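Take a look at the structure set out below.
Everything numeric in this text was worked out from a predicted model, so none of it was measured.
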Amino acid sequence: MNSRGLGSQLKDSFPISELSSSTGAYGIQDTLRTGFTSLKNELLPTHALELSERNFQINQEKLDFSTLRNIQGLHAPLKLQMEYRAAKQVQRLPFLQSSNIALDSLKGNDDCIGFEDILNDPSQSEVMGEPHVMVEYSLGLL
C-alpha cells in the first residue's frame, strides 16, 4: 500500500481524542463514570428544524423573560432567574435521581405530564452505580 492510499484513509477518520470528551489518567474514556459516548450527538443536525427543536425551551425562556421585563421591569426576570438558580442547586446524592420538583413548580411544568414522567423509571436507569464510589468521585476523593 502506498502512502497516498493510507493518507486518504486516515483523512476521513476521527482521532480517538475527539471521540472521548472526558478521558481518564491514561487518555482512555472512563466508561463506568461517564457512560457510553454517542457520535450521533456530536454530529451536525440532519434536518433544518432539528436545531430549532433542540433550542425550543431556551428560546421560549428568553422570550418569556423579555416579555416579563417589558411588562414588570428589570427586577422581575432577575428575581426569577435567581430563584431558578437556587432551585437547580438543590439536589439529592449523586447516585439518586432528583425529581427537581421545585424547579418544575417555578417553571409551571408541575401540572404537565410528559414523556419523561411515564417512561423514565429510575430503577431501569443506566446512571445507577456504586453509591460510595459516586459520592467519592463527586467530592473529588477519587
Side-chain angles (χ1 to χ4, degrees), residues 3-142:
S3 61
R4 179 178 285 174
L6 182 61
S8 65
Q9 288 177 353
L10 294 177
K11 180 176 65 172
D12 297 332
S13 64
F14 290 104
I16 299 297
S17 62
E18 289 183 11
L19 290 177
S20 62
S21 59
S22 61
T23 57
Y26 299 105
I28 300 173
Q29 177 191 357
D30 193 2
T31 308
L32 291 175
R33 290 192 183 108
T34 60
F36 296 107
T37 59
S38 175
L39 189 61
K40 180 181 178 186
N41 296 336
E42 298 173 8
L43 296 176
L44 295 174
T46 56
H47 194 268
L49 288 177
E50 185 176 353
L51 189 62
S52 174
E53 288 295 318
R54 278 189 200 164
N55 298 329
F56 174 76
Q57 191 67 29
I58 296 169
N59 293 338
Q60 187 68 32
E61 286 180 4
K62 286 181 183 177
L63 180 66
D64 291 343
F65 284 141
S66 66
T67 304
L68 189 62
R69 181 180 178 182
N70 291 339
I71 293 172
Q72 295 184 7
L74 182 61
H75 74 283
L78 288 178
K79 180 183 177 197
L80 198 56
Q81 285 178 351
M82 181 184 65
E83 290 177 358
Y84 284 173
R85 204 169 280 144
K88 283 181 187 178
Q89 290 178 352
V90 177
Q91 294 289 320
R92 293 184 180 168
L93 291 173
F95 58 91
L96 295 174
Q97 290 283 338
S98 182
S99 64
N100 293 326
I101 191 70
L103 190 61
D104 284 344
S105 297
L106 283 174
K107 290 186 176 185
N109 295 335
D110 54 344
D111 57 350
C112 300
I113 297 175
F115 177 82
E116 62 277 354
D117 295 327
I118 306 293
L119 298 174
N120 193 18
D121 187 13
S123 66
Q124 298 177 353
S125 176
E126 296 177 6
V127 179
M128 188 64 186
E130 182 69 31
H132 296 288
V133 173
M134 293 179 79
V135 171
E136 288 174 359
Y137 180 73
S138 67
L139 293 174
L141 298 175
L142 284 179

I'd like to check the salt bridge (charged side-chain N to carboxylate O under 4.0 Å, His left out) partners of Glu136; sequence neighbours left out, ordered by chain and number. none

Leu74 atom CG, over 12 foreign heavy atoms within 6.0 Å: yes

Passes side chain to side chain contact (heavy atoms under 4.5 Å, CB included), Lys107 versus Leu103? Steps please. CA-CA 6 Å; Lys107 290 186 176 185; Leu103 190 61; 4.1 Å; yes

List the atom pairs, donor and acceptor, that lie under 3.5 Å between side-chain atoms in residues 63-72 and the rest of the protein, sequence neighbours left out.
unit_1, atom_1, unit_2, atom_2, d
Ser66, OG, Lys62, O, 3.3
Ser66, OG, Leu63, O, 2.9
Thr67, OG1, Leu63, O, 2.8
Asn70, ND2, Ser66, O, 3.3

Mind checking side chain to side chain contact (heavy atoms under 4.5 Å, CB included) for Ser105 and listing every partner two or more places apart, or none if nothing turns up? Ile101, Asp110

Considering residues at least two apart in sequence or located in another chain, which fulfil the side chain to side chain contact (heavy atoms under 4.5 Å, CB included) criterion with Gln91? Ser98, Asn100

Could you report the tightest heavy-atom contact between Pro77 and Gly73, atom names first, then the distance? CD-O, 3.2 Å

Rounded to the nearest 0.5 angstrom, the CD-OH distance for Gln89 and Tyr84 is 15.5 Å

Among His75, Glu83, Gln81, which residue meets the side-chain contact (heavy atoms from CB on, under 4.5 Å) test with Lys79? Glu83

Partner residues of Val90 under the side chain to side chain contact (heavy atoms under 4.5 Å, CB included) criterion, sequence neighbours left out: none

Holding to side-chain hydrogen bond (donor to acceptor under 3.5 Å, both in side chains), I want the full list of residues that pass it with Lys88, two or more places apart in sequence or in another chain. none

Find the distance between CG (Asn59) and CD (Glu53) and round it off to the nearest 0.5 Å. 10.5 Å

